[in-house]
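First comes the structure, then the notes that go with it.
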Amino acid sequence: MRVRVENKLRKQASKQASKLVSYPWLSWVHGMKSVQGLVSSLVHSLGLDEASISNRKAFLQFGRDDIERLKRLHRALEELDHPFAEDFYEHLLQFEETRSLIPDTATLQRLQASQTAYFDTLTAGDYGERYVHHRLKVGIVHQRIGLDPTWYLGAYAHYLVGLLPTIHQRLEGGHGELIATLQSLIKIVLFDMSLAIDTYNHASKQTILALKRYTELVFAHIPDGLVVLSTDLTILSANRAFLRQLDLDPEQVHGQPLLSVVRLEQEFAPPDSFIDLAKATALDHSVHQDLIYRLGKPGDTGGKPVSVTLTGIVHEEGEEGEGEGEGEEAGLLVIIKDLTEWERQERALRESQAMLIRAQAVAGIGSWSWDLAENHLSWSAETYRIFGVTTSQAPSCGAVPVHSEDLSMVTDAWRKTLEDGTPYNVDYRIVPGGETRWVNVRAELEVDADGVPLRAVGTVLDITDRKRADDKIQHLAFYDSLTNLPNRALCLDRLQQAISAAERHRETLSVLFIDLDLFKHINDSLGHATGDRLLQAVATRLRGSVRRVDTVARLGGDEFVVLLQEVREDTVTAIAEKILAALHRPYFVDDQTLHVTCSIGIALYPRDGEDTQALLRNADAAMYRAKAKGRNNAQFYTKDLNRKARERLQIQEEMYVALERQQFVLHYQPQLDLQSGHITALEALVRWQHPEHGLIAPDRFISVAEETGLIVPLGEWVIRQACLFSRQLEATLGHPIKIAVNLSARQFWQSDLAERLAGILQQTGLAPARLEIEITESMIMHQVDQAILTMCQINALGVSLVIDDFGTGFSSLNHLKRFPVQVLKIDKSFVSGVPGNADDTSIVAATIGLAHNMGLKIVAEGIETDAQLAFMREHRCDEIQGYLFARPMARSETLSFIGSYIEAGTRWDGASGLLSRP
Ligand SMILES: Nc1nc2c(ncn2[C@@H]2O[C@H](COP(=O)(O)O[C@H]3[C@@H](O)[C@H](n4cnc5c(=O)[nH]c(N)nc54)O[C@@H]3COP(=O)(O)O)[C@@H](O)[C@H]2O)c(=O)[nH]1
């Protein structure tokens with residue numbers, strides 16, 4: 001039998017596991033009390049004290065006789081080894097309802113033991129408080145495990161029925177004793193049962209009460225308002241949330257018609273529509289959800305927004321209504337959800353959406369989204385505007401007017417985004433209405449759990465202005481704002497590219513470094529505005545002198561560079577000459593005619609340098625060579641120029657110190673009047689008495705001093721020293737001799753030149769008539785009017801003016817006649833050709849004639865031979881200067897030379913050394 005029982009239990013256990021249902025609220029109903037605790041509270045609530053127990057026994061007529069009879073029965077049964085408990089459980093396992101309470105063998109054994117004890121105590125004779133508590137405990141346990149009283153009583157019956165034959169068999173004393181014992185047994189069993197039923201009843205009542213409390217608690221804590229109405233819309237119950245919604249007390253609502261307590265108004269609906277709908281819902285048991293109303297108290301206006309759900313309550317057949325009075329059956333459940341916060345959030349959302357749309361419009365940002373699964377594209381109003389598409393048109397990729405040149409780039413980028421999910425961020429051109437504009441389009445993909453793209457969300461921004469600004473910045477960064485030519489940075493870049501290309505293709509190129517001659521004087525005297533316009537005109541002429549493919553750049557100031565994809569020296573020479581001629585043509589700027597020349601240095605790649613620095617440096621050195629060669633010419637770079645350039649740099653650095661340390665000295669070269677044989681003037685010529693290199697000739701440092709501006713203090717020093725020397729001569733020899741001083745262009749174009757000269761004359765005390773200023777034609781030709789003004793100011797001081805190097809500076813006769821000069825000095829380059837060179841001879845003769853015709857004195861310089869002297873005498877040249885008569889001499893030498901000459905009182909007669917009395 002044991003095996004049978006265990007098999008049944010094994011099957012039972014597997015079924016049981018799948019049927020277990022959890023009722024968490026039940027533990028709440030019973031609390032976490034122990035069985036003993038429950039027994040105590042049960043005793044207390046049933047009032048089971050000693051008197052009550054005695055009273056029960058008295059009612060059952062259970063007395064001492066019964067106890068004695070049961071004790072005797074107990075002893076009779078004690079000797080019997082009857083498996084009551086096993087039978088009992090065998091019987092329980094026959095029925096699903098009882099079997100389900102015994103999940104396993106261990107439970108069975110435990111229950112069998114307690115059941116044996118139970119039966120044992122039934123007849124043991126102790127029926128006091130301990131017995132009662134034990135029976136209550138059994139009842140509680142059975143009720144707790146869910147054993148219905150039916151099964152409890154049935155099981156008891158099975159036990160008793162099984163027990164009776166045994167009692168009959170074992171009990172001594174005859175029929176009367178048997179009947180009396182059975183009566184006692186029935187009494188004690190019914191005593192047990194009354195306790196068990198009390199336990200069940202009590203537990204059920206507690207459960208119902210707990211459930212009620214539980215339901216009420218849940219109902220009360222639902223955040224939405226809940227109202228149960230009768231079919232005539234009387235309020236049967238309302239939860240706390242509902243009362244809070246309208247600040248009401250429970251007494252104000254219970255039993256009241258709903259609409260006497262609240263006002264529910266629906267926008268655009270007749271006032272009674274809620275009543276009609278609610279009644280209909282209660283009748284047809286329908287459900288109406290999410291009805292939007294304004295909830296308030298009757299008589300108030302406005303109210304809070306609520307969402308109302310109406311549910312008609314269906315009663316099961318025989319189910320009693322919830323109402324308290326007749327006709328008050330629950331008919332309708334109203335759930336009222338407060339939407340105040342939702343409405344606030346909605347409004348805030350709408351406001352922020354409106355703000356976003358506005359901000360997007362202000363910022364010119366359009367937004368768009370593309371549902372890839374549905375292939376549905378949507379654009380914001382700003383997106384339509386940017387793409388130039390009318391809002392009546394459905395958005396589509398095809399509607400975007402992408403510039404044909406950007407189309408493949410746009411589609412490639414999009415394909416990449418779809419392939420690997422990289423964010424899309426592309427600038428491209430569109431042509432809405434034919435006008436080219438720039439947009440920046442960005443997008444990010446939304447993908448599902450498998451990474452499959454679902455949606456693309458993005459923005460579109462009109463960046464046309466930014467692109468234009470970028471272009472402008474780019475232009476400003478790489479183009480000279482004055483001439484619109486490439487600047488130094490772009491020039492270097494182009495040169496680098498040209499070098500790379502030339503290297504790749506084994507080609508050559510030329511770099512022409514162009515510097516305007518004496519441009520600074522134009523700037524200083526006519527102002528920067530005029531200078532700027534002249535530079536613009538020069539830039540235009542440079543551009544017009546070369547091909548479109550060649551680069552013309554402005555490095556800054558009056559420096560330009562031309563890059564030519566050409567290296568044949570004769571071609572480059574031709575282009576350089578073309579540039580020289582183009583730039584030399586007169587300019588008409590600000591109603592005046594200006595003349596400017598330039599000096600060009602040329603370096604060839606790869607011969608003269610293989611990188612940008614070397615090529616530019618060497619072209620620059622060649623340009624200085626051109627300057628040194630008298631300006632207005634072009635020179636190719638030679639290796640020797642590097643040495644010269646270094647030397648120039650050294651000179652430049654050392655000259656400042658030289659001026660400070662008074663390393664400059666003046667030599668003087670006399671000029672002789674051919675008619676009288678008198679020394680009429682001395683030309684002051686500066687030299688640099690260098691501590692290491694000895695005496696340095698002015699050719700090596702005057703142009704450097706001009707570039708650095710040092711010529712101004714140096715020139716002033718020369719004038720002052722010359723004036724002082726003239727004073728000393730006069731004082732020593734008692735013989736007044738003029739002093740001639742060379743003026744550089746930079747000095748000449750000082751706006752206060754006349755004042756400075758006046759100051760020196762005053763400080764040295766030299767009579768202005770004893771000072772002669774030598775200027776060159778090229779110095780004054782580019783601004784004739786201004787030059788004439790300065791010359792007049794000098795003349796006004798009483799100082800005479802000489803045009804030096806006459807014949808080399810392209811001065812026109814027209815200009816010459818306007819110049820307030822007193823002397824022309826024929827350049828030694830013409831004198832050297834006399835008398836052998838017919839051209840030079842004619843020029844010198846013509847110049848002498850011209851000077852005389854204009855009432856000017858003429859001086860021939862560079863007289864080295866008797867023939868030249870004779871020619872000058874023959875053509876009635878007024879004065880001569882040259883090595884034949886005297887070389888430039890130091891101060892002391894000059895003094896003694898002139899002293900001897902005067903003292904001798906003779907007339908010099910050329911190389912024969914013949915001196916005759918004048
Ligand atoms: N702005 C200034 N320029 C100056 C100053 N001192 C000199 N100079 C200029 O330097 C150039 C070279 O001058 P220098 O080496 O002194 O040469 C002068 C004479 O020595 C030379 N000369 C004179 N006679 C002869 C001759 O018979 N043969 C010959 N080969 N050379 C001769 O000519 C130079 C004088 O020329 P010029 O001034 O044109 O009269 C020179 O251009 C000077 O102007 C200075 O202080 N300031």
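In each ligand, atom 1 is the first atom listed, and ligand 1 is the first ligand listed.
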- [ ] Specify whether the nearest protein heavy atom to atom 17 (O) of ligand 1 is under 4.0 angstrom away.
- [x] no
Open item on the list: So, 4.0 Å and heavy atoms of R687: is ligand 1 close enough to count as a contact?
Closed with: yes
Open item on the list: As a check for students: among L685, D804, V686, I880, identify the option with a heavy atom nearest to atom 45 (C) of ligand 1.
Closed with: V686
Open item on the list: So is K825 touching ligand 1 or not, going by heavy atoms under 4.0 Å?
Closed with: yes
TODO: Classify the contact between H667 and ligand 1 as side chain, backbone, both or neither, using a heavy-atom distance cut-off of under 4.0 Å.
DONE: neither
Open item on the list: Using heavy-atom distances only, which candidate in W717, F748, Y883, F885 approaches atom 31 (N) of ligand 1 most closely?
Closed with: Y883
Open item on the list: I want to confirm something. Looking only at heavy atoms, which of N742, L714, I711 is nearest to atom 43 (C) of ligand 1?
Closed with: N742
Open item on the list: With a 6.0 Å cut-off (strictly less than), is the heavy-atom count around CZ of R687, excluding the residue itself, greater than 12?
Closed with: yes
- [ ] Check whether any heavy atom of E774 sits under 4.0 Å from an atom of ligand 1.
- [x] yes
Open item on the list: For the residue pair T680 / D673, report whether a side-chain donor-acceptor contact shorter than 3.5 Å exists.
Closed with: no
Task: Q868 side chain to E864 side chain, donor-acceptor N/O pair below 3.5 angstrom - done: no
Open item on the list: ring-ring contact (aromatic ring centres under 6.0 Å, His included), that's the test. Do Y637 and F513 meet it? Break it down for me.
Closed with: CA-CA 11 Å; Y637 169 78; F513 200 109; over 10 Å; no
Task: Closest contact, heavy atoms only, N795 versus P820 - done: OD1-O, 2.7 Å
TODO: Look at atom CZ of R541 and say whether more than 12 heavy atoms of other residues, nucleotides or ligands are closer to it than 6.0 Å.
DONE: yes
